[in-house]
Structure formats: structure tokens, C-alpha cells
Amino acid sequence: MYANRVLSGMRPTGSLHLGHYHGVLKNWVNLQHEYECLFFVADWHALTTHYDTPEVIQDNVWEMVIDWLAAGVDPSQATLFIQSQVPEHAELHLLLSMITPLGWLERVPTYKDQQEKLSEKDLSTYGFLGYPLLQSADILIYRANQVPVGEDQVPHIEFTREMARRFNHLYGREPGFEQKAAAAVKKMGSKKARLYEELRTRYQEQGVDEALESAQALLNEQQNLSLGDRERLFGYLEGGGKMILAEPQALLTAASRMPGLDGQKMSKSYNNTISLREDADSVTKKIRTMPTDPARVRRTDPGSPEKCPVWQLHLVYSSEEVQTWVRAGCTSAGIGCLECKQPVIEGVLKEQEPMRERARMYQESPSLVRNLIADGCEKARDLARETMRDVREAMGLRYD
Ligand code: SF4
């Protein structure tokens with residue numbers, strides 16, 4: 001409902017690798033050209049699983065921000081901030097917790113999954129159970145309507161939508177709502193008011209989704225409406241009360257299965273990663289020592305690319321021409337494995353070159369990073385305060 005706003009966060013629990021680049025950061029870089037983007041360091045989320053090793057978080061926050069910048073996230077286009085520096089997230093989390101049925105949290109599929117996966121940690125904590133709700137607060141506080149997620153995170157967005165609906169249902173019913181909404185329609189001017197009413201009727205009587213979208217776009221263009229009136233008219237459109245919290249949509253991102261050095265998905269837990277800014281010698285050494293098709297014991301033994309982890313990397317980094325060369329050379333033993341690995345080494349180094357370049361500037365001047373994050377926190381806080389004013393008022397907590 002509000003302007004196209006994207007929110008996404010990352011937990012600072014380790015240095016970023018090329019899997020993060022291909023899976024998340026490349027997408028962020030594209031999104032920042034298209035939407036108003038807010039990207040945040042999810043340090044409180046990291047504490048839900050790393051509460052006994054907070055030093056991990058401390059060590060990784062600034063390096064992670066440098067990784068983002070190195071990957072091409074542009075602070076002049078996107079707002080970058082740290083979750084814990086916008087305490088309003090915690091306030092909204094607390095207030096939402098008053099109306100969150102316990103069963104809703106226990107049913108979130110990742111709750112049990114993660115507990116089983118991270119069985120070495122005691123995750124029978126209140127914070128861990130509540131982390132989807134904290135995630136909801138992160139999204140709802142910015143009235144973000146687009147949240148980039150993979151398939152496995154869709155239930156979290158659905159949970160957030162349910163929370164927004166529950167909140168609006170409980171607190172959006174102000175006395176005299178219909179009259180106030182009708183008065184707000186008039187403020188749009190006669191032509192636009194007529195159009196709004198037509199679209200609203202078409203949506204409510206015939207269920208035409210395009211009519212709803214057009215009416216929402218019309219409201220987004222209105223400069224002369226107060227925030228309260230805008231919330232009323234969004235709610236009025238759908239036949240409900242005031243829409244204080246906006247329901248987000250999942251912006252589905254295709255699952256990226258960036259292969260690691262052993263052919264499995266690149267992941268810190270498999271110890272098969274190449275860091276985003278790893279130095280060239282180390283990258284070269286790692287790729288040169290990668291395992292290959294076990295059938296190629298001698299240089300003269302033919303192999304099958306499909307059985308080789310290096311081939312997976314060719315699929316990411318090499319042109320069709322090079323891939324054809326690999327296929328022909330591998331299956332006929334026409335090329336050696338070291339020869340075959342060379343274009344992959346070059347591809348990875350070429351991808352990392354601008355990242356190292358961009359990172360250098362920020363590493364040499366840490367105050368630059370601190371300042372841009374301070375600016376981002378300030379901007380985020382302003383947006384969060386706007387929502388919290390309405391939330392507090394709706395919940396009877398306004399005392400000024
Ligand atoms: S030639 Fe290339 S694809 Fe074939 S086994 Fe060696 S590294 Fe793998």
C-alpha cells in the first residue's frame with residue numbers, strides 16, 4: 001500500500017562469501033535501482049542464536065557492511081542501518097507480542113527445523129521462539145510492502161501479514177470511521193474522489209484486483225492527505241477499518257545454489273567457501289586444489305564434467321564457448337584439470353576485482369562507514385517513529 005519499499009536484513013554471524021553475493025547481494029544491488037530499499041544488519045536476530053557468543057556479532061558487523069558496499073550496494077540509493085540502533089523495532093516487537101497467539105509462533109515451520117539443525121545450542125528460549133515476530137516488527141515498522149525472500153521464508157511473510165491484519169482488526173476500528181473516511185475522500189478533489197469511489201465499488205462489488213491496485217496507486221500519488229486519512233482510505237478500500245500496519249508481499253527470489261569448492265552448496269558449515277574479498281593467491285590456491293572427477297586419476301583418463309565440482313563453477317563463470325571446450329577436453333582427456341580450472345580462477349578473480357577496489361576505500365577510512373551507517377540509522381529511525389506514533393495512539397499509549 002505505501003510507496004514501493006523493500007526491506008531486507010542479514011545476520012552478522014560470519015564473513016560473507018560468494019554464496020552470499022550470488023544469493024542475496026546481487027539481488028539487493030538490482031533492487032536498489034528499482035525500489036526504495038532499506039537494508040539492515042540484523043544484530044538482534046543474531047543474538048537469538050548467538051546469545052552466548054556476542055563477540056561474533058561485534059567482530060562481524062562492520063566487516064559485513066564493507067562486504068555489502070564492496071558488492072555494489074550503494075548508500076546513496078539505499079538506506080543501510082543497524083537494527084539495534086533503531087530501538088523502535090523492540091518497542092513494536094513488544095507491543096505486537098501482546099496480541100500474538102502463542103500457537104502462531106510455535107507453528108512457524110522454521111522454529112522446529114532450526115532447533116533440530118542447531119541442536120548443539122539450547123534454543124528453548126523466549127527470544128528464539130519470538131524471532132519471527134521480531135522479523136514482523138522489522139517489516140511492519142517501515143510499512144515495507146516488498147520483502148525479498150526465498151521459498152522457505154514465505155511462511156514468515158504470511159505470518160507478518162496475519163499479524164498486520166490482526167493488529168488492524170483490533171485497533172483500526174475508530175469511532176465514526178465511515179464518516180471520517182468519506183470526509184477524507186472529499187479532500188482528494190472531485191475528479192479523483194469520483195475515480196476512487198468507482199474503483200472501490202468495482203473492487204468491493206466485483207472483486208476486480210486491478211481496481212484495488214489502481215486505487216492504491218491513486219492514494220500513493222495524493223500529496224495532500226494526512227497519514228491518518230491515507231490509512232483510513234486504504235482500509236476503506238478493502239472494506240475494513242484504518243490500515244495502520246501494511247501487509248507486505250513476498251518478493252520471491254529464485255533460489256541460488258552457488259556451488260562451493262566441493263560441489264555442495266557454498267556454506268560456512270561445509271568449509272567450502274571463497275570469501276567475497278579473499279586475496280587472489282588464496283583464491284587461486286583453493287581452486288587449483290579443488291577435487292575433480294575421481295575417474296581422472298591420470299592426465300590421460302577421460303572424465304565427465306557432471307561428476308566434477310569444477311564444472312559447477314564453469315556453469316556460473318564461463319561462457320558457452322568455454323563450457324564447450326571443457327566438455328570436449330574433459331571427455332576426451334584433451335585437457336588437464338589444472339588447465340580446465342584456469343578460466344574459473346580468472347572468472348572469480350574478475351568478479352572480485354571491483355569488490356576489492358570498492359572495499360579498499362572503506363577499509364582505509366573506517367569513519368566513512370560509521371558515518372554512512374549513522375546517517376542510515378537516522379533515516380530509518382524517522383520512518384520507524386512515524387509508524388510508532390500511529391501504533392501507540394491506536395493502542396491507547398499516547399500521552400503528549
Ligand atoms: S577436466 Fe575439468 S571438468 Fe573434467 S574432471 Fe578435470 S576439472 Fe573437472
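Since the structure is predicted, the reported quantities are computational estimates derived from the model, not experimental observations. Both ligands and their constituent atoms are indexed starting at 1 by order of listing. Below, all heavy atoms of this structure are taken into account, side chains as well, without hydrogens, waters or symmetry copies.
In summary, the aromatic rings of Phe40 and Tyr142 are positioned with their centroids too far apart to meet the 6.0 Å limit.
With a cut-off of 2.8 Å, atom 4 (Fe) of ligand 1 has no N, O or S atom of Cys308 in range. Here Cys337 fails the criterion, with no N, O or S atom under 2.8 Å of atom 2 (Fe) of ligand 1.
Remark: Glu306 CD is packed, more than 12 non-hydrogen atoms of other residues, nucleotides or ligands lying under 6.0 Å away. Asp382 CG: more than 12 foreign heavy atoms inside a 6.0 Å radius.
In this structure, Lys341 has no heavy atom closer than 4.0 Å to ligand 1.
Each of the atoms 5 (S), 7 (S) of ligand 1 lies under 4.0 Å from some heavy atom of Thr292. Atoms of ligand 1 lying under 4.0 Å from at least one heavy atom of Cys330, given by number and element, are 1 (S), 3 (S), 4 (Fe), 5 (S).
Of the protein's non-hydrogen atoms, the one nearest atom 1 (S) of ligand 1 is Arg296 NH1, 3.1 Å.
Leu338 and Tyr317 fall into different hydrophobic clusters, defined by Ile, Leu, Val, Met, Phe, Trp and Tyr side-chain heavy atoms under 4.5 Å apart, directly or through other members.
Contacts with ligand 1 closer than 4.0 Å are made by heavy atoms of both the backbone and the side chain of Asp293.
Geometric assessment of Arg11 against the ring of Trp44 yields a negative cation-pi assignment under the 6.0 Å and 45° thresholds.
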